[in-house]
There are 2 protein chains.
Amino acid sequence: MKNIESGITTLYQVASRAGVSPATVSRFLNGTAKVSDDKRRTIERVIDELNYKPNRLAQSLKMGSTNTIGVLTQSLESGYFNRAMVGIEDAVKASGYALLIMSGHWHADEEAERVELLIGRRVDGVAILTGNMSDKQILDFSRRVPIVAFGREVQGERTQAFCLDNYGGACEAVEYLISQGHRRIAHIAGPPDHRDARERLAGYNDTLAKHGIPSDPRLVVTGDFSESSGLLALNSLLVANVRFSAIFAANDLTAYGARLALYRRNIRVPEDISLVGFDDLESSMYTTPPLTTVRQPLYEVGTGIGRRMLAMLGHQQPAADVPGLSLVVRESVRLV
Amino acid sequence: MKNIESGITTLYQVASRAGVSPATVSRFLNGTAKVSDDKRRTIERVIDELNYKPNRLAQSLKMGSTNTIGVLTQSLESGYFNRAMVGIEDAVKASGYALLIMSGHWHADEEAERVELLIGRRVDGVAILTGNMSDKQILDFSRRVPIVAFGREVQGERTQAFCLDNYGGACEAVEYLISQGHRRIAHIAGPPDHRDARERLAGYNDTLAKHGIPSDPRLVVTGDFSESSGLLALNSLLVANVRFSAIFAANDLTAYGARLALYRRNIRVPEDISLVGFDDLESSMYTTPPLTTVRQPLYEVGTGIGRRMLAMLGHQQPAADVPGLSLVVRESVRLV
DNA sequence: TTGAAAGCGCTACCAA
DNA sequence: TTGGTAGCGCTTTCAA
C-alpha cells in the first residue's frame with residue numbers, strides 16, 4: 001500500500017479495479033493478444049483514473065532488457081562529443097531507447113569503472129567514444145554486452161568500431177596551406193598519447209615531406225587539445241623566434257588559444273599569419289575571422305554509432321555510412 | 001541457463017556454488033549481517049571466479065529506488081547546461097547516483113514527455129533545468145517524484161527551485177557600460193517567451209532609466225540566444241542607421257554573432273563599438289577580444305541542484321549556497 | 001549465524 | 001479470449 005500513498009499504481013491494482021486478471025491488463029498494454037472490447041474499455045478507463053504507468057524496472061527485469069544504451073563519453077562538457085551524442089540519441093530514440101551517459105575523462109581506469117557501472121545497470125549495449133582503454137579491456141567487456149566504439153579499431157564478435165581518417169584530414173589541411181603558398185607551417189600537436197593527435201601529426205609531417213619541404217622540429221610544439229595549451233604553444237613559438245606564415249592546430253580549441261596569443265601581440269589573422277584548425281566546432285563559424293578547419297561529421301558519427309548499435313541489438317537498420325572528413329575553407333588563411 | 005551462456009551470473013549461482021543460501025550471499029554483499037569467516041572467504045572466492053556483479057535492476061525493483069537522478073536539460077549540446085550537468089554529477093556521484101539525461105528542447109510538451117519517461121524509469125528524483133513547462137505541470141509531477149528545478153520559481157512540498165538574479169546581472173552589465181561613458185547602448189534581447197531574456201531586458205531598460213538615459217526602441221532588437229540571431233540582429237541595427245557605442249547582448253552566443261557582424265564591416269571591438277555578453281561561456285575567455293560578460297556560476301548551480309536533491313532524498317547534506325552573478329571585465333569594452 | 005520463502009511489478013506460459 | 005501462476009534477481013522478514 002505504500003504505492004498507493006506515494007501515488008504509484010501497479011498493474012495489479014488496475015486489474016483488480018477493472019475486474020480482470022493482471023494477464024489481461026498486460027495483454028492490453030502490450031497488444032500481445034486480443035482483448036474483448038468491453039474489457040478493453042474498462043481497462044482503459046481504470047488506467048486513466050488511476051493514472052497508471054507501467055514500471056519499466058519490472059518490465060526490464062522480466063524481459064531481460066532495459067531499452068537503454070550506455071554511452072561512455074570523455075567529458076560531459078565537450079562540444080565535440082556532445083554533437084555525436086545528439087546523433088546517437090536521434091538515431092535510437094524512435095526505437096524507444098534512452099541513453100545512460102557516463103564520462104571517463106580520458107582515464108582508462110575511470111573508463112573501465114564507468115562501463116562496469118553501465119553494465120551493472122544492465123544497459124543493452126555500450127557506445128564508447130574514443131578514450132584510453134585497451135582493446136583487450138573492450139573485448140572483455142564485449143563478452144557481457146555488445147559494444148560500438150568510435151575512434152578505435154577493435155573488432156570482435158560483439159564489438160564494432162570505426163574511425164575517421166584523421167591522417168587524411170591533416171594531410172588535406174596541410175595540402176591546402178601549401179596550395180596557398182605557405183612553406184613555413186607550424187603545428188600545434190595534441191597529446192602524444194592520443195591516437196588522433198599522433199595521426200594528425202603524421203599527416204602534417206608526411207605532407208610536408210611529400211612537397212619536399214624540410215621539416216623543422218622547432219616548428220612543432222605539443223599542446224593538449226585545450227585553448228590554454230594553444231595559447232601557451234603559440235607563445236613559445238613566438239618567443240623561439242622561428243619564422244612561419246601559417247599554423248596548423250591539432251584541433252579548434254587549440255586554434256582558439258593560438259588566435260588569442262596572436263591577438264595579444266597584434267599579429268593579424270590571416271594577414272600576418274594563417275590559421276587552420278581541426279574539428280569544426282559549432283563556434284568556429286563565429287570566430288574572428290571564421291576559422292578554416294577540417295570538419296568532423298560528428299552528428300553523423302553519432303547516428304552511425306546509434307544505427308550500428310540498433311543493428312547489433314537486432315533491429316532492422318539501413319546501412320550506416322559515415323561521411324569522411326572534409327576541409328571547410330573560411331577566412332583564416334591567406335594566399336601568400 | 002541463458003545467463004550462464006551470456007556470461008552473466010546471478011546471486012543464486014554464487015550461493016549454490018559456495019554451498020550457502022542466497023540470503024547469506026546477499027548479507028555478505030551488503031554487510032547486512034555477520035557472516036562467518038569461512039563462508040565469507042568461500043563466497044569471496046566464488047564471486048571472483050564467476051565474476052559476479054549484482055543486477056542493479058533486481059535490486060532497484062526490490063528496494064524501490066534506482067539510485068538514479070533524472071535530469072531534464074534543454075539541449076545535450078548546450079555548453080551552458082552542460083557545465084551545470086558536470087556540477088550535478090560531481091555532487092551526487094559520491095552517493096552512488098547516476099544521471100539519466102533527457103532533453104526537452106524548450107518545448108513544454110516534449111519536456112513533459114521526457115519527465116514522464118524519467119519517472120517511468122523510476123528515477124529517484126528529477127532535476128529540471130529551466131524550460132517551458134508550467135508550474136502546475138511541475139507540481140503535478142512532484143506528487144510522483146521529488147523535483148529540484150533551476151531557473152524556476154515553483155515551490156512545493158516535494159519541489160524546490162532556485163534562480164539566479166538575471167535582472168541584477170543585466171543591471172550590473174549596463175551600469176558598467178554607463179560607467180565607461182556609454183550612453184547609446186543597444187540591446188540584443190533573447191526570446192520574449194523566455195523568462196531570463198525578459199529579466200535581462202528589464203534590467204537593461206531600468207538601468208538606462210535610472211541614469212536618465214532616454215530609451216530608444218530602435219536600439220533593442222530581438223534575437224533567440226543563438227549566434228546567428230546575434231549576427232542578424234546586429235546587421236539590422238547597422239542597416240537601420242541608429243547610432244550606438246556599445247552593445248549589451250542577452251547572452252554570449254548572441255555576442256559572438258554580433259562580433260562577427262562587426263568584423264564583417266570592419267568595425268573594431270572595442271575601439272569602435274563595445275560589447276558585453278551574458279553567461280561567461282568557457283570560450284568567452286578566448287574570443288578576440290576576450291569578452292566582458294556576466295558570469296553565471298553554472299558549475300555551482302549544478303552542485304547546488306545536486307546537493308538539494310540529495311537532501312530531499314534523505315542524505316545528510318551541507319547547505320548548498322549558490323553564488324550570485326558577477327560581471328567579469330575583460331577586453332571588449334572601451335572607456336569613451 | 002544461517003536458511004526458507006515471500007514478494008517487488010511485470011510478462012508469458014499453460015489451461016480452460 | 002481469459003485467468004492462474006511461475007519466475008526475472010534480488011532483499012528481508014521469520015524461524016531455527
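In the text below, chain A, chain B and the rest are named by the order of the sequence lines, each starting its count at 1.
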[X] [atom1] to [N] [atom2], straight-line distance once rounded to whole Å:
X	N	atom1	atom2	value
B:L57	C:dC10	CG	C1'	12 Å
A:R122	D:dC8	CZ	C1'	11 Å
A:Q13	C:dC8	CD	C1'	13 Å
B:L61	D:dG7	CG	P	17 Å
A:N55	C:dC8	CG	C1'	9 Å
A:R56	C:dC10	CZ	P	12 Å
B:D38	C:dT2	CG	C1'	12 Å

Checklist entry - Which heavy atom of B:L118 sits nearest a heavy atom of B:G70, and at what distance? => result CG-CA, 3.8 Å
Checklist entry - salt bridge (Lys or Arg N to Asp or Glu O under 4.0 Å): which pairs involve residues 13-30 of chain B, sequence neighbours left out? => result B:R17-B:E49
Checklist entry - In chain order, what residues pass the ring pair (Phe, Tyr, Trp, His ring centres under 6.0 Å) check against B:H315, with sequence neighbours excluded? => result B:Y97
Checklist entry - How would you list, by chain and number, every residue that makes a ring pair (Phe, Tyr, Trp, His ring centres under 6.0 Å) with B:F141, sequence neighbours excluded? => result none
Checklist entry - With respect to the phosphate group of C:dG3, does any side-chain polar atom (N or O) of B:S21 fall under 4.0 Å of OP1 or OP2? => result yes
Checklist entry - Do any side-chain nitrogens or oxygens of B:S60 fall under 4.0 Å of OP1 or OP2 in C:dC8? => result no
Item to check | Per-nucleotide protein contact string for nucleotides 11-16 of chain C (B base, S sugar-phosphate only, - none; heavy atom under 4.0 Å) | outcome: BBB---
Checklist entry - Can you name the residues that form a side-chain contact (heavy atoms from CB on, under 4.5 Å) with A:T130, not counting sequence neighbours? => result A:Q74, A:F81, A:W106, A:F150
Checklist outcome for this item: Which of D:dC10, C:dG3, D:dG3 is nearest the side chain of B:K39? It is C:dG3
Checklist entry - Of all residues at least two apart in sequence or in a different chain, which pass the side-chain hydrogen bond (donor to acceptor under 3.5 Å, both in side chains) check with B:T32? => result none
